[in-house]
Structure formats: structure tokens, C-alpha cells
Amino acid sequence: MKFGFRVLTALAIAWGSPACADMTARYVMDDGTPLMTIEIAANGDMRTRFSDPSSYFLTREGRDYLVKTGPAGPIVMRSEDIATVMLEQAARETWRPPKDKNANAPLIARAKVRIRGRQGVAYASDRDPSPDAPTVVISEDPTLAPLASAIRKQFLQSLATMSSMFGDASPSRGIAPVLSKGAPLAFLGLELDTVSRDPVPASRFALPAPPITLDAVRRDFNAAP
């Protein structure tokens with residue numbers, strides 16, 4: 001189940017459907033280690049890769065997929081099948097994320113800060129006395145609207161799935177309202193590093209294989225550590 005929870009957290013970031021000019025955004029850890037690259041097409045297709053080179057997330061023609069390397073080639077899974085299997089696993093197992101009493105606490109604007117040269121507004125829980133460790137930093141730069149749209153839409157969708165699995169123990173619930181204000185410059189341990197508006201080849205958004213069946217997704221998740 002912990003494997004599935006990690007996947008769902010990634011989905012919260014990875015799947016979206018903006019409609020705008022091409023964009024590539026790269027997020028890093030605070031020490032500069034690359035962690036996530038999001039490629040966004042003008043038609044709303046999107047490809048997101050994390051630090052693991054063996055898998056990536058793909059949005060194509062409004063449908064969401066996980067693509068991973070398998071023994072015989074790429075394996076493509078539909079997002080709805082992944083959600084179904086994870087809900088099934090949650091119903092069978094007793095593991096739950098630790099309940100955070102601040103998970104639902106509203107985030108309030110603390111101060112304007114700069115993250116890697118970009119100005120944003122730092123938000124933190126109204127129950128957190130420390131102003132130096134914001135939960136999220138949001139940019140209101142309208143040129144980052146494609147990135148804001150992508151992250152906001154699918155964060156909310158994945159949060160709904162996590163809530164059905166874990167209820168009030170779902171992590172990061174307090175972030176959701178703030179994401180409506182703009183693109184995140186820093187959140188969930190990520191910092192926005194570079195943004196390119198160069199065209200992204202259409203081949204980057206092609207499915208490398210037909211999606212596998214729901215039963216095949218079940219077998220794959222059951223085999224995962």
C-alpha cells in the first residue's frame with residue numbers, strides 16, 4: 001500500500017490539462033537536485049517525469065496514463081485503472097498515513113519571498129508559529145498560467161481519491177485552496193527552477209504502447225515492493 005500511496009502523491013502533481021502555448025518547467029530540490037520535469041503542449045497534452053528514468057506520466061487527448069519500463073518494453077496504465085486498484089488495496093489493508101491535525105488547517109499568506117529568482121507569496125498554516133518554513137509559495141505571474149492550471153486540476157482530482165481512501169488523514173489537504181491563486185514556486189519539497197517556452201515535439205506525447213487491462217494493472221501493483 002505504501003507503494004500505491006507514493007504513486008498517488010506523484011499523480012497529484014503529474015496529471016493536468018492546460019490549454020496554452022508549449023512550456024517545459026523543471027522543479028528541483030532545495031539543494032538543486034533535479035526532481036521533476038513537466039512538458040506541456042499547446043493542445044493540453046502533458047508529460048511529467050520524476051527522478052526515476054524508468055517511468056513518466058502522460059496526458060494525451062484528455063486521458064491520463066502512467067508509462068513505465070517493463071521486461072519486454074513500455075507498459076502503459078490508465079489513470080482510472082490505477083485509482084481503482086489503489087482503492088481496492090486500501091480496502092484490504094490497515095496501513096494509513098499518520099493523521100496530521102494540521103492537514104485541514106487553512107493556509108494564510110505570510111510574506112513575499114523569492115524562490116530561485118522568482119517572486120511569490122509564502123503561505124503557511126495559521127497554526128504554524130514559524131514564518132520561515134512556508135508550506136507553499138505561489139507565483140501570481142500570468143505567464144505561468146499553464147503550469148498553474150496543470151498542477152491545480154490534477155492535485156484536486158488526486159486529493160479527492162486520497163480522501164476516499166484515507167478520509168481526514170489525507171496529506172496536504174490545506175494546499176488545495178491556495179493552488180487556485182497561481183503556479184507553485186515551492187511545494188511538497190520542490191522548487192521551480194527553469195521554465196522554457198520552446199516548442200515541444202509532438203512525439204513526446206505519443207503513447208509508446210496500448211494500455212494494459214485492469215487485471216494486468218492489478219498484477220503489476222501486487223508484484224511491486
Side-chain angles (χ1 to χ4, degrees), residues 5-20 23-38 40 46 48 50-51 57 59 96-196:
F5 180 74
R6 292 196 301 268
V7 169
L8 193 54
T9 300
L11 304 188
I13 303 172
W15 284 330
S17 55
C20 49
M23 176 178 287
T24 300
R26 291 181 173 85
Y27 282 84
V28 299
M29 299 176 65
D30 58 7
D31 65 358
T33 302
L35 195 61
M36 180 176 72
T37 300
I38 306 176
I40 306 170
M46 188 168 71
T48 304
F50 290 85
S51 55
F57 298 92
T59 295
R96 294 293 186 273
K99 190 168 184 178
D100 182 358
K101 65 180 180 180
N102 293 327
N104 295 317
L107 301 184
I108 60 174
R110 290 294 182 90
K112 290 186 176 181
V113 298
R114 298 191 75 83
I115 302 294
R116 298 186 177 270
R118 296 181 179 85
Q119 182 171 289
V121 178
Y123 290 83
S125 169
D126 60 359
R127 303 174 190 174
D128 185 354
S130 171
D132 298 324
T135 302
V136 61
V137 177
I138 295 293
S139 169
E140 298 176 352
D141 182 352
T143 68
L144 295 179
L147 183 60
S149 174
I151 291 179
R152 178 175 64 250
K153 178 178 180 291
Q154 288 301 328
F155 187 94
L156 294 176
Q157 289 185 0
S158 293
L159 183 62
T161 302
M162 285 192 285
S163 295
S164 68
M165 295 168 63
F166 305 124
D168 289 342
S170 299
S172 306
R173 293 170 61 89
I175 294 178
V178 178
L179 292 179
S180 66
K181 300 179 182 296
L185 298 181
F187 77 131
L188 300 178
L190 303 173
E191 294 182 355
L192 181 60
D193 186 28
T194 63
V195 176
S196 168

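Predicted model, so just to flag it, every value in this text is computed and none were measured.
Residues passing the side chain to side chain contact (heavy atoms under 4.5 Å, CB included) test with A111: none are found, sequence neighbours excluded. Qualifying side chain to side chain donor-acceptor pair (under 3.5 Å) partners for T143, counting only residues two or more places apart in sequence or in other chains: D141, R197.
Residue D193 holds its CG atom at 11.5 Å from CG of L185, rounded to the nearest 0.5 Å. Atom CE of M36 and atom CG of L188 lie 8.5 Å apart (nearest 0.5 Å). Rounded to the nearest 0.5 angstrom, S139 OG and R114 CZ are separated by 10.0 Å.
Here the shortest heavy-atom pairing between A183 and A148 reads N-CB, 3.4 Å. In this structure, A124 and T135 approach most closely via the heavy-atom pair CA-OG1, 3.9 Å. Shown here for V121 and A109, the closest heavy-atom pair between the two residues is CG1-CB, 3.7 Å. The shortest heavy-atom contact between S180 and R152 is CA-CD, 3.5 Å.
Within the 4.5 Å cutoff, no side-chain heavy atoms of L192 are placed close to those of I115. P146 places a side-chain heavy atom less than 4.5 Å from the side chain of M23. Here the side chains of V178 and F187 are not in contact, with every heavy-atom distance at 4.5 Å or above. Taking 4.5 Å as the limit, some side-chain heavy atom of I138 sits within range of a side-chain heavy atom of L179.
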Side-chain polar contacts of residues 26-35 - donor-acceptor pairs under 3.5 angstrom, sequence neighbours left out - could you list them?
| unit_1 | atom_1 | unit_2 | atom_2 | d |
| --- | --- | --- | --- | --- |
| Y27 | OH | P184 | O | 2.7 |
| D31 | OD1 | T33 | N | 3.0 |
| D31 | OD1 | T33 | OG1 | 2.9 |
| D31 | OD2 | T33 | OG1 | 3.3 |

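Counting only residues at least two apart or in different chains, salt bridge (charged side-chain N to carboxylate O under 4.0 Å, His left out) contacts with residues 183-192 comprise R116-E191.
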